[in-house]
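To start, the structure itself, in structure tokens.
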Amino acid sequence: MIRKILIANRGEIACRIIRSCRKMGISTVAVHSDADCSALFVEMADEAISLGGTTASESYLRGEAILAAARATGADAIHPGYGFLSENPDFAEAVTQAGLIFIGPPATAIRAMGLKDAAKAAMEKAGVPVVPGYHGAAQDPDLLLAEARSIGFPVLIKARAGGGGKGMRKVEEEAGFRAALESAAREAKASFGDSACLIEKYVSHPRHIEIQVFADGHGNVVHLFERDCSLQRRHQKVIEEAPAPGMPEDMREAMGEAAVRAARAIGYCGAGTVEFIADASDGLRMDRFWFMEMNTRLQVEHPVTEAITGVDLVEWQVRVASGEKLPKTQEALAIDGWAFEARLYAEDAERGFLPAIGRIEHLDLPEDCARIDSGVRGGDEITPFYDPMIAKIIVHGETRAEALGRLTAALSKVRVAGTTTNAGFLTRLSRQEDFVAGNPDTGLIARHLDDLAKPEPLAPEMAVLAAIELSGLLQPVRAQGPVDPWSACDGFRLWSPARLHVTLAHRGEPLAIVLQPGLQGQAEARVAGAPLHLGWRRLADGTVALTRDGRTVPVTVIRHGRAVTLHGDGASYSFEIVDPLQRADACETGGNRLVAPMPGLIKRVLAAAGQAVSSGEAVVVMEAMKMELTLSAPRDGIIAAIGVAEGEQVREGAVLAELLAVEGGDG
């Protein structure tokens, strides 16, 4: 059995691997960047080695430095997790050549599935159904356009290397093909070092269904049933479930057998996932599923398979890598109940899902009713260098309805302050009618995005409670004894009622509130001119019981600096108190500046000084946190200056371009 494992990864998956290793009595070594020097996974590991740097290329992608760390600590195996070097065949080969155990498939299997065109050819040969399309090596744009015409629009352009939706573009009609191909190739080159693309028929009602496979070094291969990963945004999975709703038993068996054939065809060993696309326009059918790709590693969504099978997949990985046979045969594996996983991210759904970097001032996740796989704690920083995942929330139930109800309940208990999360979006998605009915597809989120990502309507009582807290008036109210004006902290004054004028900022907009505190946790208020009466009292668990019009709801109040975050009544709100003496610099721009919404790398500059642009016209393309963002002109006008160059790293708020001031305006 392996004695010590070096984990060549970070964050949530590193913590996950460490937990299984502890259970098995195996020592662990963490490697980390400078940005992660105080991260949770570093503290959890038995030893830690610094790789230096902050970006992935300076740290977690440095194979030689990772091997040196393994040698220095006496590790006898390396677990690559997912992402980074997990599907790099050269790294897998280097590990074994160094006399260490690579906890993953052999390099030959990784190479066989690493390029989608070659993988599809191999699968066709093995008798696995493949999506119709062009999978050749030639990359002349005219040839690819001709192939797209012969396939028929709409088509899907896909990078042949990598995954995770990078280098993938849906093209509805011929006119947009060349621009989409150029963008996909550019993103593929930046993400995987390979710009080559393949063209496939776009399936109109696609379900993304994948099969978990496992193989050992003794010729045994099993599948652990399916996961449905159809709920996606920009080809990134959002909520996964197992098993797949509406899956006929004969189709489950056929897909499982196809996945096992795929693994056998390439001499696979370890954990892997065979991904299929299914046409669900007429329900799930035996003749309408096709191979897409194989991920030669552990998947992010592996916990739902663990939940329905009772298997610790990381433990299986370690045992198989140690030379043991698979712990169970196919006949011994069975589905027990239903499971869901939701990915909680630091991102702003209302602003196009922009990653929300910053410090997590408060983090309370529903560990009482869900499995939580996380790599962060309160006080940790969400940086621009890595994926902004906060946690995976996993639930299990006897039925789909029970499990989904538990997911919604768990999501409603998420309490985060200091950064924006997608918790509200996930909660609304878990209640979406088609999803609840068991009819997910990869276009569901896009079709209902306006409803799913809409801003929470501002509840005026929450704004008043925020003003009370930020004004220092939210004090515990004594249940007994006399209340005098000197101890009430309610703004008492002689001759006239106390009125406090507070200006808050909510989602960047000012909100004027007038407070007239009363005794015993009462207040009259006016919000944007509208009157209301509130009552409040602290509860034993620290929450606030907020009463308006005879209705009382518990509210979690989290103060952080000049801001407060409220969680209550099924929603989350953040407010910041505005200093009346401050002058917002943003007012000076008058719509004449294009600024970076977050730190990132400038990939392309599409305009020049003196050029006329229209409102919404692309000016700069930047890459931030694994996303390519196109930033557009805020109005019609003439570019006065371009403030950045291609290849430049910029900070949040950096001025990328300026337009000539509008005559008579503020600029």
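In this chain, residues are counted from 1 in sequence order.
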The residue among Arg16, Glu12, Arg297 that forms side chain to side chain donor-acceptor pair (under 3.5 Å) with Tyr82 is Glu12

### Task
Test side chain to side chain contact (heavy atoms under 4.5 Å, CB included) on Phe41 and Ile17 and set out the steps.
CA-CA 10 Å; Phe41 75 94; Ile17 295 167; over 6 Å; no

* May I ask you to say whether Lys4 pairs ionically with Asp46, meaning some side-chain N is under 4.0 Å from a carboxylate O? => no

Given side-chain hydrogen bond (donor to acceptor under 3.5 Å, both in side chains), test Thr565 with Ser574 step by step and report yes or no.
CA-CA 4 Å; Thr565 298; Ser574 292; 3.2 Å; yes

*Side chains of Val644 and Leu656 in contact at under 4.5 Å (non-hydrogen atoms)*: yes

Query - Tyr60 side chain vs Ser33 backbone, donor-acceptor pair below 3.5 Å - result: yes

One should read off an interatomic distance between Leu426 CG and Leu452 CG, to the nearest 0.5 angstrom, of 10.0 Å

Please state whether the rings of His506 and Tyr573 are parallel, tilted or perpendicular, taking 30° and 60° as the class boundaries. tilted

d(Leu407 CG, Ser412 OG) to nearest 0.5 Å is 9.5 Å

Side-chain ion pair, Lys166 and Glu187, N-O less than 4.0 Å = no

Check: Val619 and Ile642 side chains under 4.5 Å, non-hydrogen atoms: yes

Partner of Arg227 under side chain to side chain donor-acceptor pair (under 3.5 Å), picked from His208, Glu240, Gln212, is Gln212

**Prompt:** Hey, mind stepping through Ile393 and Leu411 against side chain to side chain contact (heavy atoms under 4.5 Å, CB included) and telling me if it holds?
**Reply:** CA-CA 8 Å; Ile393 299 172; Leu411 289 168; 3.8 Å; yes

Exercise. Quick one: are Glu241 and Ile239 in side-chain contact, heavy atoms under 4.5 Å?
Worked result: no

Only one of Glu623, Glu182, Glu648 passes salt bridge (Lys or Arg N to Asp or Glu O under 4.0 Å) with Arg604, and that residue is Glu182

Requested in this report: Answer yes or no on whether Arg233 is positioned over the face of Phe353, meaning its NZ or CZ is under 6.0 Å from the six-membered ring centre and within 45° of the axis.
Outcome: yes

Rounding to 0.5 Å, atoms NZ (Lys158) and SG (Cys197) come to a distance of 11.0 Å

Trace of the side chain to side chain contact (heavy atoms under 4.5 Å, CB included) decision for Ser572 with Glu456 | CA-CA 8 Å; Ser572 175; Glu456 287 286 353; over 6 Å; no

Is there a side-chain hydrogen bond (donor to acceptor under 3.5 Å, both in side chains) between Glu315 and Ser20? Walk through the geometry before answering.
CA-CA 6 Å; Glu315 180 180 339; Ser20 282; over 6 Å; no

Going by heavy atoms in the side chains, are Ile110 and Phe91 under 4.5 Å from each other?
no

Test salt bridge (Lys or Arg N to Asp or Glu O under 4.0 Å) applied to Glu306 and Lys392, step by step: CA-CA 14 Å; Glu306 294 183 323; Lys392 299 186 307 194; over 6 Å; no

Within the 4.5 Å heavy-atom criterion, are Glu350 and Thr420 side-chain neighbours or not? no

Steps toward side chain to side chain contact (heavy atoms under 4.5 Å, CB included) verdict (Thr273, His302): CA-CA 9 Å; Thr273 297; His302 75 272; over 6 Å; no

Rounding to 0.5 Å, atoms OG (Ser322) and CD (Gln317) come to a distance of 11.5 Å

Self-check item: Side-chain ion pair, Arg343 and Asp373, N-O less than 4.0 Å
Solution: no

| said: Checking Gln232 against Thr442: is there a side-chain donor and acceptor pair closer than 3.5 Å? | reply: no

Item to complete: Flag the pair Asp348 and Arg507 as a salt bridge only when some basic side-chain nitrogen lies within less than 4.0 angstrom of an acidic carboxylate oxygen.
Response: yes

- Item | Side-chain touch Arg377/Glu43, heavy atoms, less than 4.5 angstrom | yes

Output for pair (Phe84 CZ, Ile13 CD1), nearest 0.5 Å, gives 11.5 Å

Arg3, CZ: over 12 other non-hydrogen atoms inside 6.0 angstrom:
no

Ignoring hydrogens and angles, tell me if any N or O in the side chain of Asn422 forms a donor-acceptor pair with the backbone of Tyr345 under 3.5 Å. yes

For Gln97, does the CD atom have more than 12 heavy-atom neighbours from other residues, nucleotides or ligands under 6.0 Å away?
yes

Value for CD (Gln299) from OG1 (Thr305), rounded to nearest 0.5 Å, stands at 9.5 Å

